[in-house]
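What follows is one structure encoded as structure tokens, with my remarks underneath.
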Amino acid sequence: MLAVLAGGVGAARFLRGLVQIVPTDEIVVVVNTGDDDVFHGLHVSPDIDTITYTLGNGINPDTGWGLAGDTFRVLGALERYGAPTWFRLGDADLATHLYRTERLASGSTLSEVTADIARAWGLGFTVVPMSDDPIATRLSTPDGEELRMQEWFVQLRAGPEVTAVRFEGAATARAAPGVIEALREAEAIVVCPSNPIISIGPILAVPGVLEALQARRARVVGVSPIIAGATVKGPADRLLRSLGHEVSCVGVARLFSAWCSTLVIDEADEARAPQVAAVGTSAVVAPTLMTGPAEAAALARVVLDAVGIAHT
Ligand code: GDP
Ligand code: CA
């Protein structure tokens with residue numbers, strides 16, 4: 001069994017490769033829920049949905065979120081009432097949030113609903129939220145405000161400088177059923193090229209996860225989401241910089257080295273490999289830009305080879 005730590009878009013792209021080269025029923029994906037929020041009374045889990053829709057072939061490929069061909073009539077109608085509509089939820093997408101919210105209200109856990117939604121989309125692998133308890137990523141700005149992840153990222157378009165990040169609720173949360181067991185028992189643990197601060201960070205904040213990873217350090221392999229000092233997409237570079245981390249694969253290696261033995265870095269960063277190694281993390285140099293499913297599968301092969309896992 002392979003355990004995978006995942007955020008949204010970068011993780012979904014990587015998984016599109018991984019499912020081509022190992023049996024899907026051997027994959028357990030632990031997903032960040034620090035971005036989860038409530039809109040119009042509905043529980044939205046952006047990273048879980050990005051993964052489910054991408055691997056279920058429903059994703060809007062132009063945005064990396066939402067469903068292809070979706071319409072926005074409900075949001076348009078909500079505007080009449082002055083409801084905030086900056087978080088874009090398409091009409092068909094809303095069905096997922098309605099279904100999830102109703103199930104949660106009737107006493108199901110987020111893991112149970114997530115598993116059922118994944119099954120309905122035909123995913124052959126296990127999708128587990130990092131926790132069934134609410135954990136909210138909070139970003140502090142220089143004027144002392146504390147923003148929820150979607151407020152900062154979507155409503156304010158990642159505009160305000162970020163001085164600190166914390167994961168509200170994490171200290172008293174419990175890992176979702178199966179998460180710690182998966183980390184303990186996995187033949188290898190793969191860290192997707194996801195945002196180190198706000199996608200991988202929240203997972204590490206769940207009690208027991210860091211210790212479980214540290215205990216398996218030799219079997220943990222990651223992919224740098226930073227290529228040549230920049231992010232492929234999203235605010236990872238800005239967040240790393242404003243929190244005082246080097247914006248490079250070396251900066252990522254420093255953040256991960258206590259619990260990750262091997263980091264796949266892009267061929268554009270080949271010259272940085274010795275510095276990654278100096279941090280205590282073995283560097284594997286390979287093309288890491290996943291322009292399509294074939295490139296993603298090639299990257300997944302490199303990742304599994306790095307920890308000696310068989311694949312096709
Ligand atoms: P989000 O929750 O949708 O922001 O998605 P993630 O946290 O999973 O992924 C965001 C990160 O994925 C960003 O830092 C990107 O640089 C990285 N990323 C996206 N596509 C690629 C790719 O093709 N290759 C690599 N190496 N990183 C990528
Ligand atoms: Ca996310």
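Remember, it's 1-based here, ligands and their atoms both numbered in the order they're listed. Scope of the values below: all heavy atoms of this structure, side chains included, with no hydrogens, waters or symmetry mates. Index from 1, following the sequence.
- Only side-chain heavy atoms of A236 come within less than 4.0 Å of ligand 1; its backbone N, CA, C and O stay farther off.
- For atom 4 (O) of ligand 1, the protein comes within 4.0 Å by no heavy atom at all.
- More than 12 heavy atoms of other residues, nucleotides or ligands shown are found within 6.0 angstrom of CD on E146.
- Closest to atom 10 (C) of ligand 1, if we only count protein heavy atoms, is N195 N, 3.8 Å.
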Yes or no on side chain to side chain donor-acceptor pair (under 3.5 Å) for D237 and T231, after CA distance, side-chain angles and deciding distance? CA-CA 6 Å; D237 46 3; T231 171; 5.0 Å; no
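- Side chain of Q155 to backbone of W152: no donor-acceptor contact under 3.5 angstrom is found.
- Distance alone, capped at 3.5 Å, is enough to place a donor-acceptor pair between the D70 side chain and the D93 backbone.
- Cation-pi contact between R88 and F72: present, with separation from the ring centre below 6.0 Å and deviation from the ring axis of at most 45°.
- No N or O atom of D35 sits closer than 3.5 Å to an N or O atom of ligand 1.
- Looking at I227 next to ligand 1, no N or O pair under 3.5 Å apart turns up.
- Nearest to atom 8 (O) of ligand 1 by heavy atom, out of S194, A286, A296, is S194.
- Contact annotation for D47 and ligand 1: only side-chain heavy atoms (C-beta onward) come within less than 4.0 Å of the ligand.
- With hydrogens left out, the protein atom closest to atom 1 (P) of ligand 1 is V9 N, 3.6 Å, a heavy atom.
- In this structure, T101 contributes its side chain and H43 its backbone to a donor-acceptor pair below 3.5 Å.
- A donor-acceptor pair is defined here as one N or O able to donate and one able to accept, closer than 3.5 Å; such a pair exists between the side chain of R216 and the backbone of L183.
- Looking at N60, its side chain never comes within 3.5 Å of a backbone N or O of G66 through a donor-acceptor pair.
- By the 4.0 Å N-to-carboxylate-O rule, E246 lies close enough to R272 to be salt-bridged with it.
- Shown in contact with G8 at under 4.0 Å from a heavy atom are these atoms of ligand 1, numbered in order with element: 1 (P), 2 (O), 3 (O), 5 (O), 6 (P), 7 (O), 8 (O).
- Nearest non-hydrogen protein atom to atom 26 (N) of ligand 1 is S224 O, 3.0 Å.
- Evaluated by nearest non-hydrogen atom to atom 23 (O) of ligand 1, the leading choice among E295, R13, M149, M290 is M290.
- A distance-only check finds a donor-acceptor pair linking the side chain of S131 to the backbone of R174 [under 3.5 Å].
- Ligand 1 places these atoms under 4.0 Å from at least one heavy atom of T231: 13 (C), 14 (O), 15 (C), 16 (O).
- Contact check on R166 versus E168 returns a salt bridge, with a Lys/Arg side-chain nitrogen under 4.0 Å from an Asp/Glu carboxylate oxygen.
- Considering each of C249, P287, P193, the one bringing a non-hydrogen atom nearest atom 27 (N) of ligand 1 is P193.
- Each of the following atoms of ligand 1 lies closer than 4.0 Å to a heavy atom of T288: 22 (C), 23 (O), 24 (N), 25 (C), 26 (N).
- Taking every non-hydrogen atom of L289 and a distance limit under 4.0 Å, the qualifying atoms of ligand 1 come out as 23 (O), 24 (N).
- Between the side chain of S261 and the main chain of V220, a donor-acceptor pair closer than 3.5 Å is present.
- Residue-level proximity to ligand 1 for A12 is absent, since no heavy atom of it falls below 4.0 angstrom.
- Taking a 4.0 Å cut-off on heavy atoms, C192 fails to register as neighbouring ligand 1.
- Considering backbone and side-chain atoms together, V232 places an N or O closer than 3.5 Å to an N or O of ligand 1.
- Between W86 and F39, the ring center distance clears the sub-6.0 Å criterion.
- Residue S199 touches ligand 1 through its side chain alone, judged by heavy-atom distances below 4.0 Å.
- The Ca ion (ligand 2) lies closest to atom OD1 when only the N/O/S atoms of D47 are considered.
- Residue K233 has at least one heavy-atom neighbour below 4.0 Å for each of these atoms of ligand 1: 13 (C), 14 (O), 15 (C), 16 (O).
- D35 has its closest N, O or S atom to the Ca ion (ligand 2) at the position named OD2.
- Of all the atoms in ligand 1, the ones that sit under 4.0 Å from a non-hydrogen atom of G7 are 8 (O).
- At least one N or O atom of G10 sits closer than 3.5 Å to an N or O atom of ligand 1.
- With S111 as the fixed residue, the side chain to side chain donor-acceptor pair (under 3.5 Å) test singles out one of D116, D132, T126: D132.
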